[in-house]
Amino acid sequence: MNETTSEKISVLQGLILESASSQKYDLAEGARKESESWLAAEMSKLDRETAMILADAKRRAEDIHRRQILAAERQKSTEALRQQNRLLQQAMKQFLDGLVKLRERPDYADILTALALNGARSLEGFAPVTLRLASIDGHLGSEIASAVNAKLPAARMEFSREPAPILGGCWISSSDGRRQINSDWNSRAQEVSDTLADRLLAML
């Protein structure tokens, strides 16, 4: 091998080594950029997933908190209604007991007469009207009917000896039986029940 050939081989070897070195650098640089791009994409994906997880956790926490508040409000409302109902029942019982005890008063017949008279006036034009009392008050029937007729002759009130299923007070019905005024204690208590309920609810 002569000197010229040797130099050409050396030059060729240098070019090959330089090319290999350049390719090695390009490959390394490409790999670095690719890894950085992949890492950036993965980090972005991770950030999005983290944000979604946090947002979902926040929504769940808010939903649980909202349900707890609603449950507490329902419980409070239910308890208030329960207390109102209990107090209303007690108040109604006391009210009814007080009405029943009116029978112990010496003017009880006058009280029933006033109720019967109001009932007869409400049925004006439907005479004769009929008076019915609780069985325990039956002995006062004729006296009350006479007192009403004395004050309101047009009523022509008649006392029915068929007792009314009531605790006290009276029932007044029209001649055709289609109209009836219930002035008994249960009816009177029912009339004031809404007022009592409103007052008790305001107190709770």
Side-chain angles (χ1 to χ4, degrees), residues 65-204:
H65 183 60
R66 183 165 53 252
R67 288 201 301 267
Q68 289 175 337
I69 291 176
L70 290 174
E73 289 177 348
R74 282 196 299 270
Q75 184 177 3
K76 180 180 179 182
S77 178
T78 301
E79 182 61 25
L81 289 174
R82 187 181 295 113
Q83 289 292 333
Q84 179 196 12
N85 187 55
R86 183 178 62 82
L87 292 174
L88 179 60
Q89 289 179 348
Q90 291 178 350
M92 290 289 287
K93 184 179 183 304
Q94 291 178 0
F95 184 61
L96 274 172
D97 289 345
L99 291 175
V100 171
K101 286 182 179 179
L102 291 175
R103 189 172 284 118
E104 301 172 2
R105 293 176 49 147
D107 60 346
Y108 181 58
D110 295 334
I111 294 173
L112 294 181
T113 299
L115 292 174
L117 183 59
N118 284 336
R121 284 174 175 155
S122 298
L123 294 176
E124 190 173 357
F126 296 95
V129 297
T130 301
L131 167 69
R132 291 178 66 192
L133 301 173
S135 59
I136 194 173
D137 297 327
H139 64 286
L140 299 173
S142 298
E143 175 188 343
I144 293 170
S146 296
V148 170
N149 288 329
K151 295 182 179 180
L152 190 67
R156 288 184 288 149
M157 181 173 284
E158 300 173 353
F159 172 58
S160 171
R161 297 194 177 277
E162 179 185 358
I166 55 179
L167 295 174
C170 62
W171 283 0
I172 311 296
S173 57
S174 61
S175 57
D176 58 9
R178 295 181 179 180
R179 295 169 180 80
Q180 180 169 297
I181 304 299
N182 295 335
S183 293
D184 62 283
W185 300 154
N186 286 90
S187 297
R188 287 303 174 93
Q190 192 60 43
E191 289 173 5
V192 302
S193 62
D194 289 342
T195 302
L196 279 173
D198 290 341
R199 291 181 178 177
L200 288 173
L201 185 60
M203 292 168 58
L204 294 176

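It should be emphasised that the depicted structure is a prediction, and the values quoted were computed from it without experimental measurement.
Rounding to the nearest 0.5 angstrom, the gap separating the CG atom in N149 from the CD1 atom in I144 is 12.0 Å. Note that CG of L117 is 11.5 Å distant from CG of D110, once rounded to the nearest 0.5 Å. Here the OG atom belonging to S175 is positioned 9.0 Å from the CG atom belonging to L123, to the nearest 0.5 angstrom.
Contact detail for A120 and V148: the closest heavy-atom pair is CB-CG1, 4.2 Å. Contact between S160 and T130 at its shortest, heavy atoms only, is CB-CG2, 3.6 Å. When all heavy atoms of D137 and L133 are compared, the closest pair comes out as O-CD1, 3.3 Å. Here the closest non-hydrogen pair linking P165 and R132 is CD-NH2, 4.1 Å. I111 and R105 make their closest contact through CD1-NE, 4.1 Å (heavy atoms, listed as atom of the first residue, atom of the second, distance). R188 approaches L115 most closely through the heavy-atom pair NH2-CD2, 3.4 Å.
By the 4.0 Å N-to-carboxylate-O rule, K93 lies close enough to D97 to be salt-bridged with it.
The number of heavy atoms from other shown groups lying within 6.0 Å of CD (Q190) does not exceed 12. Heavy-atom neighbours of I136 CD1 from other residues, nucleotides or ligands within 6.0 Å: at or below the threshold of 12.
Judged by distance alone, the side chain of D184 and the main-chain N or O of N186 form a donor-acceptor pair under 3.5 Å. Remark: the backbone N or O of R179 is paired with a side-chain donor or acceptor of S174 at under 3.5 angstrom. T113 places a side-chain N or O within 3.5 Å of a backbone atom of A109 that can act as its donor or acceptor partner.
For the pair L131 and C170, the minimum side-chain heavy-atom distance is below 4.5 Å. Using a 4.5 Å heavy-atom cutoff, the side chains of M157 and L152 are not in contact. Side-chain contact between W185 and V100 is present, with heavy atoms from C-beta onward closer than 4.5 Å.
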Please lay out, stage by stage, how S142 and R161 fare under the test side chain to side chain contact (heavy atoms under 4.5 Å, CB included).
CA-CA 9 Å; S142 298; R161 297 194 177 277; 3.8 Å; yes

